[in-house]
Amino acid sequence: MRKHTPESVPVTIPTVALRVRADGTADATIDGHPLLPPDGTGRWGRSSLPQIIDQASDQRTIPVRIEVHETHGSTFTDLVAARPKRATPDTPASPQAG
């Protein structure tokens, strides 16, 4: 039998905003602070959204709100849930003396 450990939920959910440029590059922020790509270039590509989500959500251990602002004015918003933690096996009961 496996023991279920309840998930901790943050008091607030971080918001990741991605502002896409006409050339396909984008700036990302998390709660208004710059979120830089691991290579340090300062610019993400449109196809980098999965990497941005992974980085902002600490490899999907916490939920995040995503806002993608396109150059033509449309906005896409979504919530990305944290991945469920893997259940841990019960600790075996110690034998009783008898």
Side-chain angles (χ1 to χ4, degrees):
M1 178 180 236
R2 293 185 180 257
K3 183 185 264 184
H4 175 71
T5 305
E7 299 292 323
S8 63
V9 177
V11 175
T12 61
I13 296 177
T15 298
V16 175
L18 187 68
R19 298 203 183 276
V20 181
R21 294 185 185 85
D23 67 357
T25 61
D27 291 319
T29 60
I30 183 164
D31 292 334
H33 303 284
L35 182 66
L36 301 175
D39 65 8
T41 62
R43 296 239 172 124
W44 296 92
R46 179 187 300 277
S47 63
S48 301
L49 187 58
Q51 289 175 286
I52 294 167
I53 293 169
D54 285 347
Q55 185 173 330
S57 66
D58 194 20
Q59 303 306 311
R60 308 230 179 152
T61 59
I62 59 171
V64 292
R65 181 173 190 256
I66 304 295
E67 296 176 357
V68 179
H69 302 274
E70 297 288 348
T71 57
H72 51 76
S74 68
T75 300
F76 168 79
T77 304
D78 199 4
L79 292 174
V80 177
R83 290 184 181 139
K85 289 183 182 174
R86 294 171 50 113
T88 57
D90 285 342
T91 304
S94 54
Q96 294 185 358

What residues form a side chain to side chain contact (heavy atoms under 4.5 Å, CB included) with [X], not counting sequence neighbours?
{"X": "Arg21", "value": "Asp23, Thr25, Asp27, Arg43"}
{"X": "Thr75", "value": "His69, Thr77"}
{"X": "Ser48", "value": "Trp44, Gln51, Ile52"}
{"X": "Asp54", "value": "Gln59, Arg60"}

Go through it in stages, so that I can follow the logic: the residues are Leu18 and Ile66, the test is side chain to side chain contact (heavy atoms under 4.5 Å, CB included), and I'd like the CA-CA distance, side-chain angles, deciding distance and then a yes or no.
CA-CA 8 Å; Leu18 187 68; Ile66 304 295; 5.9 Å; no
Test of understanding: with salt bridge (Lys or Arg N to Asp or Glu O under 4.0 Å), list the residues that count as partners of Arg19, not counting sequence neighbours.
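Expected list: none.
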Is any side-chain heavy atom of [Y] closer than 4.5 Å to one of [X]?
{"X": "Pro38", "Y": "Gln55", "result": "yes"}
{"X": "Val80", "Y": "Ser57", "result": "no"}
{"X": "Ile53", "Y": "Val16", "result": "no"}

For Ala56 and Ile62, which heavy atoms make the closest approach, and how far apart are they?
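For Ala56 and Ile62, the tightest heavy-atom pair comes out as O-CD1, 4.1 Å.
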If every non-hydrogen atom of Pro14 is compared with every non-hydrogen atom of Pro63, which pair is closest and at what distance?
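Looking at all heavy atoms of both residues, the shortest contact is CD-O, 3.4 Å.
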side-chain hydrogen bond (donor to acceptor under 3.5 Å, both in side chains) with Ser74: which residues, sequence neighbours excluded?
His72
Which atom pairs, one a donor and one an acceptor, fall under 3.5 Å between side chains of residues 29-36 and the rest of the protein, sequence neighbours left out?
from: Asp31; atom 1: OD1; to: Thr15; atom 2: N; distance (Å): 2.9

